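Shown next, in structure tokens, is the structure this report addresses.
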Amino acid sequence: MSILYLLIPLSLILLGLAVWAFFWAVKHDQFEDLEGPAYRILFDEDENDRPKDDRQNPGRDAAGDDETRRT
């Protein structure tokens with residue numbers, strides 16, 4: 001019976017942490033777009049998947065040659 005004096009406050013503390021985490025997530029827009037990540041996997045190429053040089057100079061290949069000079 002004396003263990004209840006430990007378990008009840010401990011459970012209330014854990015409940016308080018869970019409620020705080022939920023409201024923090026809502027405040028920081030963690031639930032803003034729930035469907036976007038599910039559809040993002042269907043796209044073939046993502047902007048973050050391409051090499052950094054390709055994003056900056058889309059007319060050049062990885063070696064740095066222009067597309068028009070390739071043979």
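Note that this is a predicted model, so its numbers are computed, not measured.
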Could you tell me the separation between the [atom1] atom of [X] and the [atom2] atom of [Y], rounded to the nearest 0.5 Å?
X	Y	atom1	atom2	value
I8	I3	CD1	CD1	10.5 Å
Y39	D33	OH	CG	10.5 Å
L17	L12	CG	CG	11.0 Å

Hydrophobic cluster of F22, others only, ordered by chain and residue number, side-chain cut-off 4.5 Å: L15, V19, F23, V26, F31, L34
